[in-house]
Amino acid sequence: MIHVTIQTRTMASAELLAAYLMEKHLLLFPTFDTDHEELLWENGTLQRKSQILLQGMTKGLLYREVERVAYELLGHDLVRLHAVPITHIDPHAQQSLLEQTAKV
């Protein structure tokens, strides 16, 4: 199991991707973080750039499909995508992930 974080430039992009991933059973327990700013160093000053985080859980073997779909649907609106392994999870969430995500 993995925890996926997808950074987008707009809420519309995050919602489009979330809906598709949920419809195809590729992402479970999705959440949005709308209060996220990336810090950039430009021209000798610190700049802030607003972004939307779409986060959720899926099976590790589904990551490449999530990645492919994200790039295909969002193009330049996709800022960054990464996943980290889930080492511990409550039994209810684990059962949901096993039963409700796409078969691999």
Side-chain angles (χ1 to χ4, degrees):
M1 305 299 172
I2 59 174
H3 182 263
V4 179
T5 300
I6 303 161
Q7 292 172 242
T8 68
R9 298 187 196 289
T10 66
M11 180 55 89
S13 291
E15 288 175 345
L16 172 72
L17 183 57
Y20 185 87
L21 293 174
M22 292 172 69
E23 177 185 3
K24 299 298 182 183
H25 304 283
L26 295 172
L27 191 69
L28 218 56
F29 314 124
T31 61
F32 290 127
D33 177 0
T34 58
D35 189 26
H36 181 81
E37 294 180 325
E38 184 173 52
L39 301 176
L40 304 168
W41 187 256
E42 293 178 347
N43 301 321
T45 62
L46 191 62
Q47 304 293 318
R48 295 171 185 250
K49 193 164 208 168
S50 238
Q51 296 176 352
I52 307 299
L53 297 186
L54 166 59
Q55 299 183 35
M57 297 180 192
T58 192
K59 295 173 183 166
L61 292 173
L62 294 175
Y63 177 80
R64 292 291 177 217
E65 182 64 11
V66 170
E67 179 182 53
R68 183 191 67 74
V69 166
Y71 279 107
E72 186 178 293
L73 286 180
L74 303 186
H76 292 292
D77 273 350
L78 179 66
V79 176
R80 199 162 293 109
L81 172 72
H82 73 276
V84 293
I86 297 172
T87 59
H88 297 85
I89 190 170
D90 66 273
H92 179 267
Q94 181 178 13
Q95 192 64 32
S96 295
L97 278 164
L98 290 172
E99 293 174 354
Q100 296 177 28
T101 53
K103 304 297 180 221
V104 289

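- Scanning both residues, Gln47 and Thr45, for their nearest heavy atoms gives NE2-OG1, 2.7 Å.
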Contacts under 3.5 angstrom, residues 51-61 side chains, donor-acceptor by atom type, not counting sequence neighbours:
unit_1	atom_1	unit_2	atom_2	d
Gln51	OE1	Gln7	NE2	2.4
Gln51	NE2	Glu38	OE1	3.0
Gln55	OE1	His3	NE2	3.3
Thr58	OG1	Leu26	O	2.8
Lys59	NZ	Thr101	OG1	3.3
Lys59	NZ	Ala102	O	3.0

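- Annotation: side chain of Val66 is not in contact with side chain of Leu27 (no heavy-atom distance under 4.5 Å).
- A continuous path of Ile, Leu, Val, Met, Phe, Trp and Tyr side chains, each step under 4.5 Å between heavy atoms, connects Val4 with Phe32, placing both in one hydrophobic cluster.
- For the side chain to side chain donor-acceptor pair (under 3.5 Å) test, no residue two or more places apart in sequence or in another chain qualifies with Ser50.
- Taken together through direct or relayed side-chain contacts under 4.5 Å among Ile, Leu, Val, Met, Phe, Trp and Tyr, Leu40 and Val79 form parts of separate hydrophobic clusters.
- With sequence neighbours left out, Thr31 forms a side chain to side chain donor-acceptor pair (under 3.5 Å) with no residue at all.
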Acceptor/donor pairs from residues 91-100 side chains to any protein atom, 3.5 angstrom cut, sequence neighbours excluded:
unit_1	atom_1	unit_2	atom_2	d
Gln95	NE2	Glu99	OE2	2.5
Ser96	OG	His92	O	3.1

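- Contacts of Glu37 classified as side chain to side chain donor-acceptor pair (under 3.5 Å), with partners at least two apart in sequence or in another chain: Arg48.
- In terms of hydrophobic clustering, with Ile, Leu, Val, Met, Phe, Trp and Tyr side chains grouped at heavy-atom distances under 4.5 Å, Leu16 and Leu28 are assigned to different clusters.
- Hydrophobic side-chain contacts under 4.5 Å tie Met22 to no other Ile, Leu, Val, Met, Phe, Trp or Tyr residue.
- Here Arg68 pairs with Glu65, Glu72 under the salt bridge (charged side-chain N to carboxylate O under 4.0 Å, His left out) rule; sequence neighbours left out.
- Its side chain within the 4.5 Å cluster rule, Trp41 clusters with Leu39, Leu46 among the Ile, Leu, Val, Met, Phe, Trp and Tyr residues.
- The line from CG of Leu17 to CG of Leu73 is 6.0 Å long, rounded to the nearest 0.5 Å.
- In this structure, the separation between CD1 on Ile6 and OH on Tyr71 is 10.0 Å, given to the nearest 0.5 Å.
- Shown here for Leu74 and Ser13, the closest heavy-atom pair between the two residues is CD2-O, 3.4 Å.
- Applying the salt bridge (Lys or Arg N to Asp or Glu O under 4.0 Å) test to residues at least two apart or on different chains, none of the pairs has a partner in residues 24-35.
- By the salt bridge (charged side-chain N to carboxylate O under 4.0 Å, His left out) test, Glu23 pairs with no residue at all, sequence neighbours left out.
- The OG1 atom of Thr5 lies 8.5 Å from the CG atom of Leu81; values are rounded to the nearest 0.5 Å.
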